[in-house]
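All heavy atoms count here, side chains included; hydrogens, waters and symmetry mates do not.
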Amino acid sequence: MEKDSFHFGCMMLFLTIVASHSLASTRPRCHEDERSALLEFKATVFTRGYPCFYADPDKPPKIESWNATTGETQSDCCSWAGVECDKVSGHVIGLDLSCSCLSSEINSNTSIFRLHRLRSLNLASNDFDYQIPSAIGNLGSLRDLNLSSSGFMGHIPNSFSNLTQLVHLDLSTLGLTGTTAPLENLTLLTHLDLRGLDQFGGEIPSSFGRLAQLEHLNLAINSLTGEVPSFLGNLVHLKYLSPAGNMLTGRIPPSLGNLVQLTSLDLSLNQLTAEIPSSIGNLVQLTDLNLG
Ligand SMILES: *[C@@H]1O[C@H](CO)[C@@H](O)[C@H](O)[C@H]1NC(C)=O
Ligand SMILES: *[C@@H]1O[C@H](CO)[C@@H](O)[C@H](O)[C@H]1NC(C)=O
Ligand SMILES: *[C@@H]1O[C@H](CO)[C@@H](O)[C@H](O)[C@H]1NC(C)=O
Ligand SMILES: *[C@@H]1O[C@H](CO)[C@@H](O)[C@H](O)[C@H]1NC(C)=O
Ligand SMILES: *[C@@H]1O[C@H](CO)[C@@H](O)[C@H](O)[C@H]1NC(C)=O
């Protein structure tokens with residue numbers, strides 16, 4: 001009896017090992033169309049010589065591990081550096097090519113815009129000296145988009161209004177121009193960073209008043225003019241608000257006193273006048289306040 005149960009135990013252990021082994025090996029491999037889109041992207045980008053400004057000199061560029069020809073495992077794009085696949089479907093859902101010294105002519109035909117299941121795209125800290133292609137609007141599943149310091153310039157394309165699932169959007173330190181940001185329908189955004197855009201001016205767009213989930217809004221170091229709009233006081237989830245370093249005039253709107261979750265408020269380096277409204281005293285969570 002004891003011997004039987006010992007055998008039974010061994011058998012179960014054996015089956016468990018077999019089962020987990022075959023589970024691991026049946027993890028879906030990447031889909032051929034997505035793999036070829038990635039290889040096509042690799043073929044069109046140009047990797048600047050190392051070391052380059054942002055990259056970690058101890059690591060080879062991620063894209064170098066993308067290889068069509070080497071063994072079974074390596075040719076599965078889900079195993080490539082910077083590529084994340086859905087564990088069930090095997091579709092490519094994440095691409096992180098930040099700090100990769102990439103440079104290329106990127107346009108609406110660029111193959112990464114065919115990866116329309118992407119939930120996360122990080123191209124931060126590269127050197128794409130082109131407009132943001134309007135094909136970005138194909139990536140309607142994106143939750144996180146980071147193009148910070150990636151060299152893009154020009155206007156924010158209207159197709160951004162298609163990215164309605166975005167939660168985090170970082171377009172900071174780009175050569176962006178214009179006075180509008182077609183972001184009003186991105187109502188799930190909690191994090192919006194538009195800091196340090198080259199010639200981003202005009203008034204703070206009234207459409208930002210619709211971004212009711214915002215917790216982090218950074219508009220610092222742009223060319224914004226007009227007053228600090230009163231509607232910012234409706235964005236009651238804000239914890240961080242900075243329109244510092246612009247050309248804003250007029251008074252501090254008393255409505256900012258509604259933002260009781262604020263921990264950081266920076267209005268410095270503008271041309272604000274008049275008294276500090278007493279409602280600022282409601283901001284009991286503030287740890288950083290700069291009115292310089
Ligand atoms: C793929 O890897 C092999 C062996 O490591 C290498 O010789 C070849 O140049 C690589 N191909 C590409 C396209 O990087
Ligand atoms: C994209 O590809 C099409 C068809 O190959 C071509 O006509 C068009 O000029 C390309 N667009 C850009 C921006 O390269
Ligand atoms: C975007 O990428 C930059 C550079 O890697 C990083 O500093 C920044 O925190 C990222 N933004 C977000 C919103 O995660
Ligand atoms: C918006 O997304 C839909 C589907 O995700 C796509 O068919 C359409 O072309 C996109 N529009 C723009 C302007 O990118
Ligand atoms: C935003 O959504 C509204 C209502 O769905 C729509 O009428 C409007 O055209 C959208 N705005 C943009 C810029 O797509």
Side-chain angles (χ1 to χ4, degrees), residues 15-45 47 59-100 102 104 106-126 128 132-148 150 157 159-171 183 185-192 213:
L15 285 176
T16 310
I17 291 169
V18 169
S20 59
H21 184 79
S22 61
L23 255 184
S25 57
T26 58
R27 182 178 66 79
R29 291 167 59 82
C30 81
H31 294 251
E32 190 48 43
D33 55 330
E34 294 173 341
R35 182 168 167 273
S36 59
L38 291 169
L39 287 172
E40 189 181 319
F41 183 64
K42 179 181 179 179
T44 58
V45 296
T47 308
K59 285 190 191 153
K62 287 176 195 153
I63 215 162
E64 274 186 9
S65 74
W66 300 9
N67 193 313
T69 55
T70 44
E72 272 286 288
T73 326
Q74 292 97 313
S75 68
D76 178 3
C77 73
C78 297
S79 71
W80 294 349
V83 178
E84 184 195 352
C85 291
D86 185 271
K87 288 188 179 58
V88 177
S89 69
H91 285 294
V92 174
I93 55 167
L95 194 56
D96 179 355
L97 291 174
S98 56
C99 307
S100 293
L102 300 178
S104 90
I106 203 163
N107 60 43
S108 282
N109 289 340
T110 300
S111 59
I112 50 172
F113 300 116
R114 302 203 299 262
L115 300 171
H116 58 92
R117 292 185 177 81
L118 279 181
R119 284 185 214 147
S120 170
L121 176 61
N122 190 343
L123 297 177
S125 305
N126 284 295
F128 299 107
I132 301 176
S134 64
I136 193 92
N138 296 343
L139 306 180
S141 303
L142 281 179
R143 267 78 162 161
D144 297 320
L145 176 60
N146 191 342
L147 301 179
S148 173
S150 55
S159 61
F160 255 79
S161 59
N162 224 13
L163 305 181
T164 54
Q165 303 302 307
L166 275 181
V167 176
H168 298 111
L169 175 60
D170 191 341
L171 297 177
L183 307 177
N185 287 349
L186 278 48
T187 51
L188 302 181
L189 279 179
T190 64
H191 186 112
L192 177 58
Q213 304 302 319

- Message: Just by distance, no angles: are the side chains of Asp144 and His168 close enough, under 3.5 Å, to form a donor-acceptor pair?
- Response: yes
- Message: One pair to check against side-chain contact (heavy atoms from CB on, under 4.5 Å): Leu147 and Phe128. What are the steps and the verdict?
- Response: CA-CA 10 Å; Leu147 301 179; Phe128 299 107; over 6 Å; no
- Item | Student check: side-chain heavy atoms of Leu115 and Glu34 closer than 4.5 Å | yes
- How far apart are the closest heavy atoms of Leu118 and Gly94, and which atoms are they? CD2-N, 3.6 Å
- Task: Supply the atom-to-atom distance Asn126 CG to Ser98 OG, rounded to the nearest 0.5 angstrom.
- Result: 7.5 Å
- Measure the shortest side-chain to side-chain distance between Leu95 and Leu38 over non-hydrogen atoms and say whether it is less than 4.5 angstrom. yes
- Item | Spacing of Lys42 atom NZ and Ser111 atom OG [to the nearest 0.5 Å] | 13.0 Å
- Heavy atoms, side chains only, cut-off 4.5 Å: are Asn107 and Phe113 in contact? no
- Taking all non-hydrogen atoms of both residues, which atom of Ser65 and which atom of Ala81 are closest, and how far apart? OG-N, 3.2 Å
- Query: In Å, rounded to the nearest 0.5 Å, how long is the span from CG of Leu163 to OG of Ser141?
  - Reply: 10.0 Å
- Message: Tell me whether Ser148 contacts the main-chain N or O of Ala124 through its side chain, where contact means a donor paired with an acceptor under 3.5 Å.
- Response: no
- The reported gap from CZ in Arg114 to CG in Asn109 (rounded to nearest 0.5 angstrom) is 9.0 Å
- For Ser108 and Ala135, the nearest pair of non-hydrogen atoms, with its separation, is OG-N, 3.1 Å
- Query: Is the side chain of Lys62 donor-acceptor paired with the backbone N or O of Asp96 at a distance under 3.5 Å, no angle test?
  - Reply: yes
- Item | Heavy-atom pair of closest approach, residues Cys85 and Ile93 | C-CG1, 3.9 Å
- Item | Asn138 to His116 - nearest heavy-atom pair and separation | O-CB, 3.6 Å
- Task: Give the minimum heavy-atom separation between Pro28 and Gly90, together with the two atoms involved.
- Result: CG-N, 3.6 Å
- Message: Test of understanding: with side-chain hydrogen bond (donor to acceptor under 3.5 Å, both in side chains), list the residues that count as partners of Arg35, not counting sequence neighbours.
- Response: Glu32
- Message: Nearest 0.5 Å, please: how far is CD in Gln213 from CG in Leu189?
- Response: 10.0 Å
- Task: Would you mind reporting whether Cys77 and Val92 have side-chain heavy atoms less than 4.5 Å apart?
- Result: yes
- Measure up the Trp66 and Trp80 rings against each other and bin them: parallel (under 30°), tilted (30 to 60°), perpendicular (over 60°). parallel
- Task: Check the pair Ile112 / Leu123 against side-chain contact (heavy atoms from CB on, under 4.5 Å), numbers first and verdict last.
- Result: CA-CA 11 Å; Ile112 50 172; Leu123 297 177; 4.2 Å; yes
- Kindly state each residue pair satisfying salt bridge (charged side-chain N to carboxylate O under 4.0 Å, His left out) with at least one member in residues 83-95, sequence neighbours excluded. Asp86-Arg119
- Report the residues that fulfil side chain to side chain contact (heavy atoms under 4.5 Å, CB included) with Asn185, sequence neighbours left out, ordered by chain and then residue number. Thr164, Arg210
- Task: Could you tell me whether the side chain of Phe160 reaches within less than 4.5 Å of the side chain of Leu145, counting heavy atoms only?
- Result: yes
- CG on Asn67 to OG on Ser79, rounded to 0.5 Å: 10.0 Å
